[in-house]
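Data first, discussion second: the structure below is written as structure tokens.
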Amino acid sequence: MQFRLLSLVPLCSVISIFCETPTQNVAIQEPNITALAYPEGIEVSGWNPEHIDWKALHIQFAYIKATEGTTYRNPKFLSQYTEAYKAGLIRGAYHSARPDGKSREEQARYFVQHGGGWSKDGKTLPGMLDLDSGPNGKTCYGLSHTAMVQWIRAFSNEYHKTTSRHPVIRISLDWWKQCTGNNGSFGDSALFVARGVSTPAPLPNGWKRWTFREYKGRAQFNGNVNDLKKFALG
């Protein structure tokens, strides 16, 4: 998953402040948005600036790319993740899946070791598994429906074993149908619907509601800000 949310571009700025890993002593500025329905957020990666003017975006959450496969780490992750925290956002990390690469369990561990963990602090979203088309036109990475479902389940189980949370699963409905046969066994994971839909669009099999979705160039959470905080707490 690369840079998709175009509304970020004109609001980004590069600054020279170095950000350290957040601690309990970091002062956080809380946005005055407690009653806002469908809180908005963005997804960012190494394609985006290292230093983002988070306050200017007027958002409440962010998902930031940490890893891909077992060889790639977003070199801007620490700054992006830390500065989002300091700006008062609820944020989480995401992993770009490579089902054609190393084992699913190894990818889950690599993700957790390099920023994808979860803590019960009300500011950290569970990690997100981004499932998208593979390189060189291999939409399903050469895997059968059964093999893809097994891959996702093993990654999810390993992540849950390490963090006590199931990863958010980010998919498009078309990809899910094509690559898993519209499998219905992942309802225990929160759903992030890619490629913006509007209610009441059909959901993938096994889910009764979406938790996050792309919508008009940004991301939305299905609830209000208090619900988002509860989701972060687990």
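Basis for what follows: all heavy atoms, side chains included, without hydrogens, waters or symmetry-related copies. The first residue in the sequence is number 1, and the count goes up from there. The model shown is predicted, which means the values in this text are computed figures rather than measured ones.
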(Q) Does the plane of the ring in His160 sit parallel, tilted or perpendicular to the ring in His166? Use 30° and 60° as the thresholds. (A) parallel

Q) Mind checking whether Phe155 and His95 have parallel, tilted or perpendicular rings, split at 30° and 60°? A) parallel

Q: May I ask whether Tyr110 and Met128 are part of the same hydrophobic cluster, defined by side-chain heavy atoms of I, L, V, M, F, W, Y residues being less than 4.5 angstrom apart, directly or through others?
A: no

(Q) To the closest 0.5 Å, what do you measure between CD1 (Ile152) and CG (Asn157)? (A) 12.0 Å

(Q) Looking at Arg109, I'd like to know if its CZ atom is crowded, meaning that more than 12 non-hydrogen atoms belonging to other residues, nucleotides or ligands lie closer than 6.0 Å. (A) yes

**Q.** Pair Tyr215 + Trp210: ring centers closer than 6.0 Å
**A.** no

Q: Determine whether Val149 and Ile169 fall in the same hydrophobic cluster, where Ile, Leu, Val, Met, Phe, Trp and Tyr are linked whenever their side-chain heavy atoms lie under 4.5 Å apart.
A: yes

Q: Would you kindly confirm whether Leu173 and Met148 end up in one hydrophobic cluster when ILVMFWY residues are joined by side chain heavy atoms under 4.5 Å apart?
A: no

Q. Checking side chain to side chain contact (heavy atoms under 4.5 Å, CB included) for the pair Thr67/Arg73: CA distance, chi angles, key distance, verdict?
A. CA-CA 5 Å; Thr67 54; Arg73 296 169 59 186; 4.3 Å; yes

Q. From Ile52 CD1 over to Ile64 CD1, what is the distance, rounded to the nearest 0.5 angstrom?
A. 7.0 Å

Q) Does Glu40 come within less than 4.0 Å of Lys216, counting only side-chain N to carboxylate O? A) no

Q | Asn183 versus Ser185, side-chain donor and acceptor atoms under 3.5 Å | A | yes

Q: Answer yes or no on whether Arg91 is positioned over the face of Tyr85, meaning its NZ or CZ is under 6.0 Å from the six-membered ring centre and within 45° of the axis.
A: no

(Q) Out of the candidates Tyr38, Phe212, Phe231, only one should pair with Phe61 under the ring pair (Phe, Tyr, Trp, His ring centres under 6.0 Å) rule; please name it. (A) Phe212

Q: Could you check Trp54 against Ile42 for side chain to side chain contact (heavy atoms under 4.5 Å, CB included), going step by step and ending with a plain yes or no?
A: CA-CA 10 Å; Trp54 294 101; Ile42 59 170; 3.7 Å; yes

Q: Taking the side chain as every heavy atom from C-beta outward, state whether Tyr94 and Ser45 have any pair of such atoms under 4.5 Å apart.
A: yes

Q: Could you tell me whether the side chain of Ile90 reaches within less than 4.5 Å of the side chain of Lys229, counting heavy atoms only?
A: yes

Q.
So, applying side chain to side chain donor-acceptor pair (under 3.5 Å) with Asn74, which one of Lys65, His114, Glu50, Gln80 is it?
A. Gln80

Q. Roughly how far, to the nearest 0.5 Å, is the CZ atom of Arg104 from the CG atom of Leu129?
A. 13.0 Å

**Q.** Leu131 reachable from Val112 in the ILVMFWY side-chain graph, under 4.5 Å edges
**A.** yes

Q. If you round to the nearest 0.5 Å, how far is CG of Asn224 from NZ of Lys230?
A. 7.5 Å

Q | Minimum heavy-atom distance Ala62-Leu125, with the two atoms named | A | O-CD1, 4.1 Å

Q: Check Trp207 against Ile171 and note the closest heavy-atom contact, atom names and distance.
A: CZ3-CD1, 4.0 Å

Q: Determine the minimum heavy-atom distance between Glu43 and Asn48, stating which atoms define it.
A: O-OD1, 4.2 Å

Q: Indicate yes or no: at least one non-hydrogen side-chain atom of Thr211 is less than 4.5 angstrom from one of Phe192.
A: no

**Q.** By salt bridge (charged side-chain N to carboxylate O under 4.0 Å, His left out) - contacts of Lys161 (at least two apart)
**A.** Glu158

Q. Does NZ or CZ of Arg153 lie under 6.0 Å from the centre of the six-membered ring of Phe186, at an angle within 45° of the ring axis?
A. yes

Q) Looking only at atom types and distance, does a side-chain atom of Arg218 sit under 3.5 Å from a main-chain N or O of Ile59, one as donor and one as acceptor? A) no

Q. Tell me, do Lys120 and Leu233 make a side-chain contact under 4.5 Å, heavy atoms counted?
A. yes

Q: Starting from the C-alpha separation in whole Å, work towards a yes-or-no answer on side chain to side chain contact (heavy atoms under 4.5 Å, CB included) for Thr139 and Cys179.
A: CA-CA 8 Å; Thr139 301; Cys179 296; 4.0 Å; yes

Q: Could you tell me which non-hydrogen atom of Glu105 sits nearest to which non-hydrogen atom of Ala154, and how far apart they are?
A: OE2-CB, 3.6 Å

Q | Distance, nearest 0.5 Å, that separates OG of Ser172 from CG of Asp132 | A | 6.5 Å

Q) Which residue, Tyr72, Trp118, Phe77, Tyr159, forms the ring pair (Phe, Tyr, Trp, His ring centres under 6.0 Å) with Phe111? A) Tyr159

Q) Closest heavy-atom contact between Ser156 and Ser189? A) OG-OG, 4.0 Å

Q. Nearest 0.5 Å, what's the OG-CZ distance between Ser96 and Arg170?
A. 9.0 Å

Q. What pair of heavy atoms forms the shortest contact from Thr124 to Ser119, and how long is it?
A. OG1-OG, 3.3 Å

